Amino acid sequence: MRIAEISTPEHFQAAAAPDSQSPSQNQHSQLLSQIQSKIKQTESHPPGTPLPDSLPSELRQLLTNLTQLAPFPAANNSLKLHLWKLSYRLWNACVDFSNAAAIRSPSSNRSSQNVTKLRHVAADMLSLAVDVVGVPSPAIKSASFYYKTGLAWHDHKIFDLASTCFERATDLLSKLDVSKILDAGERKLLLDLNLARSRTAWEISDKNLALTLLNRSKTLLFGSSAHFKALANQFLAFAKAVLSRNENNGSFNDVLKLLNEALNLCEKGLSISRTREETVEIKELKSKTMRFISAVHLQNGEFESVIKCVKVLRENGGEKGDHHASLPVLAMKAWLGLGRYSEAEQELKGMVVNKGIPEGVWVSAVETYFHAVGNAGVETTKGVFLGLLGRCHVSARAALRVVHRVVGDGNGIEGLRTRGKVVAELASDERVVALFASESVAKERTAMHAVLWNCGSGNFELKDYETSAEMFEKSMLYIPHDLENRVIRAKGYRVLCLCYLGLTQLDRAQEYINEAEKLDPNIICAFLKFKICLQKNDHCGATNQIQKMISCLDFTPDFLSLAAHEAVASRALPVAVAALSNLLNFYNSGKPMPTTEVVVLRTLVTILSQDLDKEAEVLKFLKQAHKRASELGAESFFGKGEVGRRERNWFAVTSWNFGAKCGKEKNYELCAEFLRLVSGFYSRMGDGQMEENNVTICKSLIMTVSAMIASENQNTTPLPDAEVKHAVELLERAGKILTSLSMGNIEGDIHFIYVLNAYDMHGRLNNLESQHHIVKNFAGTKTCSPQYLLQIGLNASQGPRFNAEVATFALSECLSGFLSSPSPNYQDVALIVRRLIAIASIHKGNTDDDAVLGMYKQAYRIMVGLKEGEYPTDEGKWLAMTAWNRAAIPVRMGEINVAKKWMNAGLELARKVAGMETYQAYMEDYVADFEKKFHTQIAGEIQPQQVQ
C-alpha cells in the first residue's frame with residue numbers, strides 16, 4: 001500500500017525558504033536535487049514496463065555520496081524532512097510498480113529485483129533522517145521500511161540482503177522501550193520482525209539463531225492471542241520443514257520439541273482468546289499441531305502414543321471433536337503397527353461413511369492396510385472399495401491404484417489365486433467398469449488392462465490356468481470395441497485359447513481362437529489351431545494345418561520348428577515328420593532359419609528311427625543329407641571343426657546301424673543302400689582320424705557288395721551289368737584302402753569277404769586273371785588263414801564261377817597251411833585232397849595223368865606215420881579204391897606201365913587204411929598174377945576187376 005506523505009505547512013515552509021545556506025548545505029541541496037530528479041524519473045516511468053537497471057544503481061550512488069556527509073546538523077531539520085518526503089515518494093512509486101505487475105502479469109525476476117533495490121534505497125534514505133523532529137515514531141516507521149524490504153529480499157531468496165534489512169530494523173527498534181509501545185500495529189511489527197528474521201536464519205541453515213529468535217519472540221506476545229497463534233504457526237512451520245527433509249538422524253526429538261512448543265503456545269493463546277473467531281482459529285491450529293505430533297510418533301514407531309493423540313483429538317469438544325480425514329489413517333496405521341488388525345479394519349471401514357475423506361487419503365489407507373495384512377485383507381479391501389463406490393464418486397485412477405495394490409506380488413501360488421479372484425470380482429463390477437468407459441480416462445483404462453493382463457500372465461506362469469483365464473477374461477472388459485483395438489482383442493482371445501488348452505477344454509479353446517482369427521488372422525492363430533488338433537489326436541488335421549500355416553502372410557520357418565517340437569512332445573511323430581519335411585523346403589529360399597539344415601535332417605532320422613518299418617523314409621532323408629553335403633560342401637553343411645566331425649560321424653554311424661539292421665532282417669536291398677551311404681559320409685571327413693575312417697569305409701564298401709549279392713540271391717534276379725560294374729568299382733576302392741592299411745587295423749573276415757566278392761564280380765566279367773591275382777595277393781597277407789583259403793578253393797571249384805587255376809592254388813596253399821600246423825585237422829586235409837584230385841581229374845583229364853597220380857602219392861605221404869584212424873578211414877578207403885580203379889582203363893588200353901602205377905598206388909594206400917585187409921589181400925594176389933602173366937598174355941586178356 002502507499003504511505004501518506006508528510007505535508008504539514010510548517011514543514012513545507014521550512015523546506016522551501018531556508019534563511020541562509022552554508023557550503024555543506026549547498027552540497028546537501030545539490031545531492032538532494034539530483035536524488036529528487038531520479039525519483040521524478042522513477043515516478044514518471046510507465047508501471048507496466050521494466051525499470052532500467054541503471055536507475056537503482058544511480059540512486060544508490062547518490063545516496064552513498066549523501067551518506068558521506070552525515071550526520072546532518074540538528075538545526076537542519078528541514079533537510080531531514082525533505083529526505084523523508086523523497087523516501088516516501090520513492091517507496092510509493094515502488095508500490096505502484098508492484099501493484100501494476102500483480103494486476104497485469106507476473107514481472108520478470110530481474111525487474112522485480114530492481115523494484116526491491118529501490119525499496120532498499122528508500123529504507124536507507126529514511127534511516128539517514130531517523131532523528132527528525134516533528135514526525136511521530138520515526139524509528140518504528142524506518143524499521144517498518146526495512147522489515148518490508150527484507151520480506152521482499154526473502155521472497156527473492158536473497159537471504160543475505162534480507163538478513164541485513166532485518167538486522168537494521170532490529171537495531172532501530174532496540175533503542176526503544178518496548179513497554180511504552182502501546183499501538184497494536186507497532187507491537188505486531190516487533191513480533192513479525194523477529195519471526196521474519198528467524199525464518200531467514202533458518203533458510204541459511206543457522207538453526208540455532210532461528211530458534212533463539214523464536215524463543216525471544218515469547219517476550220513480544222503482549223498478551224495477544226493473535227501473537228500466540230503467529231508464533232505457534234512458526235514453530236509448526238519449522239517442524240514441518242524438518243519432517244519434509246526426512247532427516248532420521250535423531251531429528252524426531254527436535255521435531256517433537258518444536259511441535260510441543262507450538263502446542264503450548266496454542267493452549268496459552270486459547271486461555272486469553274476473547275472472540276469466538278480467535279478461539280476457533282487457535283483450536284484448529286492446536287488440532288493440526290497434534291495431528292503432526294501423531295504423525296511424528298507414527299514415523300518413530302511409537303504406536304501407543306499415536307492412539308492416545310487420536311483419542312484426545314476425537315474426544316476434544318464432544319460431538320464437535322476433530323474429525324479430520326487423516327485421523328482414521330493415523331489410527332489405522334498405528335493399530336497395524338501394534339498388530340491389532342481387527343481395530344485397523346474397523347478404522348478402514350469407518351472411512352466408508354466419512355464423506356470428508358479425500359479420495360487420495362482413503363486409497364493410500366487401503367494400500368497401507370493391504371500391504372500390512374496381505375492376503376488376509378483381500379476381502380476387507382474389496383468391501384471397503386465397493387462401499388466407497390456406493391457413497392461417493394470414485395475416480396478411475398483411484399480404482400486402478402486399489403486394483404494394482406490388491407494384485408501386489410502374490411506371495412506364492414495360493415496368494416496369486418486368492419488375490420486373482422478378488423481382483424476379478426472388483427474388475428468385473430459394473431460400477432468399476434463404468435468408471436473407465438469415457439475417453440477421458442483412456443490412459444487409466446489401458447493401465448487397468450495391463451494390470452489385469454500381468455496378473456493373468458503371472459498365474460499362467462504358475463500353471464494356474466483357471467485363475468489366469470478368469471483374469472484375461474476380465475481384462476477384455478477394458479478393451480474398447482473399435483477398429484483400433486481389434487488387434488489387442490484378438491491377442492486376448494489367443495491367450496484365452498492358451499489357458500483353455502492348458503485346462504484341456506479344447507472346445508472352448510477352439511471357440512476363442514476362431515474369434516481371434518476373425519479379428520486378426522495370422523500365423524499365431526494357425527499355430528494354435530495346430531496345437532488343438534494335436535491335443536485332439538487329430539493327426540490328419542494337424543498335418544493339414546501345417547499347410548495353412550505356410551500360407552499365412554506373416555509365416556516364418558520358426559513356426560515349423562516349433563510345430564515339430566509340439567508334435568514330438570505329443571508323440572505325434574508323423575506330424576513332426578511332416579513339419580520338418582516342410583521346413584527342409586525353405587533352406588534354399590534365403591529366409592532366416594531357426595536351425596541348420598543338418599540338425600533338421602538329423603532330427604527327422606531320429607524321429608523315424610523310433611517307429612517300425614520306416615527304413616525306406618530314413619534312407620530317403622539320409623540320401624538327402626548326403627546330396628546336400630555334396631552340393632554345399634562338407635563344412636558348409638555339417639559344420640566346422642569338432643561339431644562338423646560329430647555330425648558327419650552321426651550320419652555315417654546311423655547309416656551303418658540301419659544297414660546292419662536291414663541285413664539281420666534279410667532286407668538286403670535296403671541294406672546295400674544304407675551301407676553305400678556310409679562310405680559316402682566317411683569319405684567327406686578330412687580330419688585326423690583318416691585311418692579309422694578308412695577302415696569303416698572299407699568295411700562298408702565290401703558289405704555293400706555282399707548285400708547286393710545277397711539281394712540277388714534272394715530275388716533270384718541277376719544283377720544288371722551296370723550294377724556289376726558299380727560293384728567292381730566299389731571293390732576296387734576297397735582294395736586300394738586295404739592296400740594302404742596296416743594289417744593290424746583290418747579284420748581277417750572283412751578281407752576274406754572282400755576276396756570272395758571280388759572273385760565273384762570279376763568272374764561275372766570273365767576276368768580270370770584278376771580272380772587269380774586277388775586270391776594270390778590274399779594268400780600272401782597275414783590275415784589269410786587256411787580256413788579262408790579252403791572256402792575260397794571250394795567256392796572256386798564249384799558253381800558258375802568255376803576257376804580250376806584259382807581253386808587249385810587256393811586248395812594247395814590251404815593244404816600246405818594245414819599240414820604245417822602242429823595238429824592238423826585231417827578231416828579238412830582229406831577234403832582238400834579229394835577236391836584237388838577232382839579238380840585235377842576234370843581240368844587235366846588224360847593229358848596229365850601224372851598230376852593226378854601225384855596227388856594220390858601226396859595223400860600216401862601224408863598218411864605215412866599217422867596213427868590208425870587219425871586220417872579219416874572213409875577218405876582213405878576212397879583214395880585206395882579210386883587209385884586201384886583208375887588202372888582199369890590203362891589195362892584195357894594195353895598201357896601196362898600206367899596200369900601198374902595205379903595198382904601199386906591203390907595197394908600202397910590200402911595198406912595204410914585200417915579195415916581194408918581183405919581188399920589188400922585181393923589186390924596183392926591180383927598184382928602178383930598180373931606180373932606173372934605180364935610176358936605171356938596180351939594186355940587185353942587180363943583185366944583187373946574194379947573194387948566196389
Side-chain angles (χ1 to χ4, degrees), residues 1-6 8 10-11 63 67 70-88 90-92 119-154 161-201 206 209-231 233-234 265 268-269 272:
M1 60 178 286
R2 292 174 64 87
I3 299 174
E5 297 177 359
I6 300 171
T8 59
E10 309 82 58
H11 298 156
L63 182 62
T67 304
F72 304 129
N76 199 353
N77 196 53
S78 61
L79 176 64
K80 297 177 183 178
L81 286 172
H82 194 191
L83 275 174
W84 272 70
K85 181 179 179 180
L86 292 176
S87 174
Y88 270 68
L90 180 58
W91 185 270
N92 288 336
R119 286 178 183 268
H120 203 157
V121 170
D124 286 342
M125 192 183 302
L126 198 63
S127 69
L128 284 176
V130 72
D131 56 348
V132 67
V133 177
V135 177
S137 305
I140 292 177
K141 288 181 172 61
S142 181
S144 174
F145 270 36
Y146 275 120
Y147 165 68
K148 292 175 182 177
T149 304
L151 290 179
W153 283 127
H154 188 96
L161 292 178
S163 179
T164 300
C165 289
F166 293 141
E167 288 172 0
R168 293 290 301 275
T170 303
D171 288 340
L172 289 170
L173 295 176
S174 65
K175 300 172 183 179
L176 303 177
D177 186 355
V178 176
S179 61
K180 293 181 180 180
I181 299 176
L182 301 177
D183 184 74
E186 294 176 353
R187 286 182 173 183
K188 191 172 187 304
L189 175 62
L190 293 173
L191 177 64
D192 289 345
L193 176 59
N194 234 27
L195 296 180
R197 188 179 172 196
S198 174
R199 286 194 295 272
T200 303
D206 193 350
L209 176 59
L211 295 176
T212 300
L213 290 169
L214 284 187
N215 287 321
R216 285 182 192 172
S217 299
K218 294 177 182 178
T219 64
L220 303 173
L221 300 177
F222 302 107
S224 169
S225 61
H227 289 192
F228 278 96
K229 177 189 169 188
L231 184 55
N233 254 324
Q234 194 57 60
L265 289 167
K268 291 178 181 178
I272 62 172

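Values in this document were obtained by computation on a predicted structure and should not be read as measured data.
The backbone N or O of Gly223 lies less than 3.5 Å from no partner atom in the side chain of Lys268, so there is not a single donor-acceptor pair. Put simply, the side chain of Trp153 never gets that close to the backbone of Cys165: no donor and acceptor are under 3.5 Å apart. Formation of a donor-acceptor pair under 3.5 Å by the Thr170 side chain with backbone atoms of Phe166 is found in this model.
Here the shortest heavy-atom pairing between His154 and Ala162 reads N-CB, 3.7 Å. Of all heavy-atom pairs between Gln234 and Leu214, the closest is CG-CD2, 3.5 Å. Of all non-hydrogen atoms in Leu213 and Asn194, the two that sit nearest each other are O-ND2, 3.2 Å. Nearest heavy-atom pair, Lys141 versus Pro136, reported as atom, atom and distance to 0.1 Å: NZ-O, 2.8 Å. Smallest separation of non-hydrogen atoms from Ala201 and Ala210: CB-N, 3.9 Å. Between Leu221 and Phe228, the shortest heavy-atom contact is CD1-CE2, 3.3 Å.
Residues His120 and Thr149 have side chains that never bring a donor and an acceptor to within less than 3.5 angstrom of each other.
The number of heavy-atom neighbours closer than 6.0 Å to NZ of Lys218, taken from other residues, nucleotides and ligands shown, is above 12.
Side-chain atoms of Met125 and Trp84, non-hydrogen and from C-beta on, never get closer than 4.5 Å to each other. Put simply, the side chain of Leu63 reaches to within 4.5 Å of the side chain of Leu128, judged on heavy atoms. Looking at Arg187 and Ser224, their side chains never come closer than 4.5 Å, going by heavy atoms from C-beta outward. Residues His82 and Ser78 have side chains not in contact (no heavy-atom distance under 4.5 Å, counting atoms from C-beta outward). A 4.5 Å side-chain heavy-atom check between Arg197 and Arg216 finds at least one atom pair inside the cut-off.
The distance from the CG atom of Leu211 to the OG atom of Ser198 is 7.0 Å, given to the nearest 0.5 Å. Here Leu189 contributes atom CG and Leu173 contributes atom CG; the two are 6.0 Å apart, rounded to the nearest 0.5 Å. We find the CG-OG1 distance between Leu209 and Thr200 to be 10.0 Å, quoted to the nearest 0.5 Å. To the nearest 0.5 angstrom, Phe222 atom CZ is 7.5 Å from His227 atom NE2. Distance check: Lys85 NZ to Leu126 CG gives 15.0 Å after rounding to the nearest 0.5 Å.
Under the rule for a side-chain contact (heavy atoms from CB on, under 4.5 Å), the partners of Val130 that lie at least two apart in sequence or sit in another chain are Ala139, Ser142, Leu172. Remark: Asp124 pairs with Arg60, Tyr146 by the side-chain hydrogen bond (donor to acceptor under 3.5 Å, both in side chains) rule, at least two apart or across chains.
Residue Ser217 forms a side chain to side chain contact (heavy atoms under 4.5 Å, CB included) with just one option from Leu191, Leu190, Leu265, Thr212, and that option is Leu191.
The aromatic rings of Tyr88 and Phe145 are tilted relative to each other, their planes meeting at an angle between 30° and 60°.
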